[in-house]
Number of protein chains: 2
Amino acid sequence: MKKKISEMESQFKEHRLTPQRRLVLEIFLENKERHLSAEEVFQLSREKGEEIGLATIYRTLELLEALGLLRKMNFGDGRSRYELVQLDLTEHHHHHHLVCLSCSRIFEVEEDFLHQLEEIIEQKHHFSIVNHNLQFFGYCKYCRQDV
Amino acid sequence: MKKKISEMESQFKEHRLTPQRRLVLEIFLENKERHLSAEEVFQLSREKGEEIGLATIYRTLELLEALGLLRKMNFGDGRSRYELVQLDLTEHHHHHHLVCLSCSRIFEVEEDFLHQLEEIIEQKHHFSIVNHNLQFFGYCKYCRQDV
DNA sequence: TTCCGTGCAAATAATTTGCATCGAT
DNA sequence: ATCGATGCAAATTATTTGCACGGAA
């Protein structure tokens, strides 16, 4: 864990890696599978017994996104959520999300199936793609009532 | 236009098609290519010289979505946007969106490329998909500086 | 000392809700 | 008379901002 954070320190050229910023990063590293909102980060920090202001969390999330360490997402629940950018994957690799309409859990599809599609779209629409967002909404294996 | 709305009336079984609701529908029919926020619908109705409360618009958008006439979308600009569901397309046909990071315009990709992909994912993840959302972020043909 | 970062509280912005009233059945 | 729909204002929720303080370079 510490190792991971120190690896990330190199990203903090102009910005200080303060205890608060480190705390937020830690929380994401300890919750890799989750997509946390500012409020949830706030709760998790309280559970760790750490003091941090909510405004600081918002500012930190914004900074970490700008540094490319977090990715801002929106799953339609009225608040922004962030996920850790997996540094070990190639820059253009993005996974997709399965959002359960019943339990709200979010599952990940590791493969990125959109390379070819992006090429087609770039040519056809003269649109230069830098990112994409693919979400599937439905019912997860725990919530499906069928069979 | 009137014809289109009367076709939609059949959807209003339990709900009255009031002047306000008709107005909101009209605005979407007159702006098929746009993805309107509640506030924008409010502005457009004022431009038409019609009186309608913003709260009513929010409630109407919610209703029209529940009736399957509008689709709620989120493009990451901090407000929900709605688009008209094209009734003449097959139920499972969804288009995709190109969101320009420079001018914020939204372009549509008419084709739905995700059928096969959905089948693969449904099997692999035991997830029953009922909807999806695919957005590409980048620079549109008007904003690209290259060449 | 000079900045940057933080916390708190106030300000914004989007959306929702309570409630009295209006209008169609 | 009843019940759904509306408008307004107040309430909520998420997020941002102003500002004084504190600590590191």
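In what follows, every chain begins at residue 1, and chains take the letters A, B, ... in the order their sequences are listed.
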Just jot down the ring pair (Phe, Tyr, Trp, His ring centres under 6.0 Å) partners of A:Phe107, sequence neighbours excluded, or say none.
-> none
Do A:Glu118 and A:His132 have a side chain donor and acceptor closer than 3.5 Å?
-> yes
By side-chain contact (heavy atoms from CB on, under 4.5 Å), which residues pair with B:Asn133, not counting sequence neighbours?
-> A:Asn133, A:Gln135, A:Phe137, B:Met73, B:Gln135
Got a sec? Which of residues 72-83 of chain A come in under 4.0 Å of DNA chain D, heavy atoms?
-> A:Gly78, A:Arg79, A:Ser80
Do A:His35 and A:Glu83 have side-chain atoms, one donor and one acceptor, less than 3.5 Å apart?
-> yes
How is A:Glu39 classified with respect to the nucleic acid when contacts are heavy atoms under 4.0 Å: base, sugar-phosphate, or nothing?
-> nothing
Please state whether the phosphate of D:dG7, meaning OP1 or OP2, lies under 4.0 angstrom from any side-chain nitrogen or oxygen of B:Thr56.
-> yes
By side-chain contact (heavy atoms from CB on, under 4.5 Å) - contacts of A:Glu39 (at least two apart) | A:Ser37, A:Phe42, A:Gln43, A:Leu54
Short side-chain N/O contact to C:dA14 OP1/OP2 from B:Ser37, under 4.0 Å | no
So does A:Glu51 have more than 12 non-hydrogen atoms from other groups sitting under 6.0 Å from CD?
-> no
For A:Glu65, check side-chain contact (heavy atoms from CB on, under 4.5 Å) against everything at least two apart and list the hits.
-> A:Lys72, A:Tyr82
Short N-O contact, A:Glu50 and A:Arg22, less than 4.0 angstrom = no
Would one find a side-chain N or O of B:Tyr58 under 4.0 angstrom from OP1 or OP2 of C:dT16?
-> no
Produce the list of close N/O pairs, under 3.5 Å, pairing protein atoms with atoms of nucleotides 18-25 of chain D; give distances to one decimal.
{"unit_1": "D:dG18", "atom_1": "O6", "unit_2": "A:Arg59", "atom_2": "NH1", "d": "3.4"}

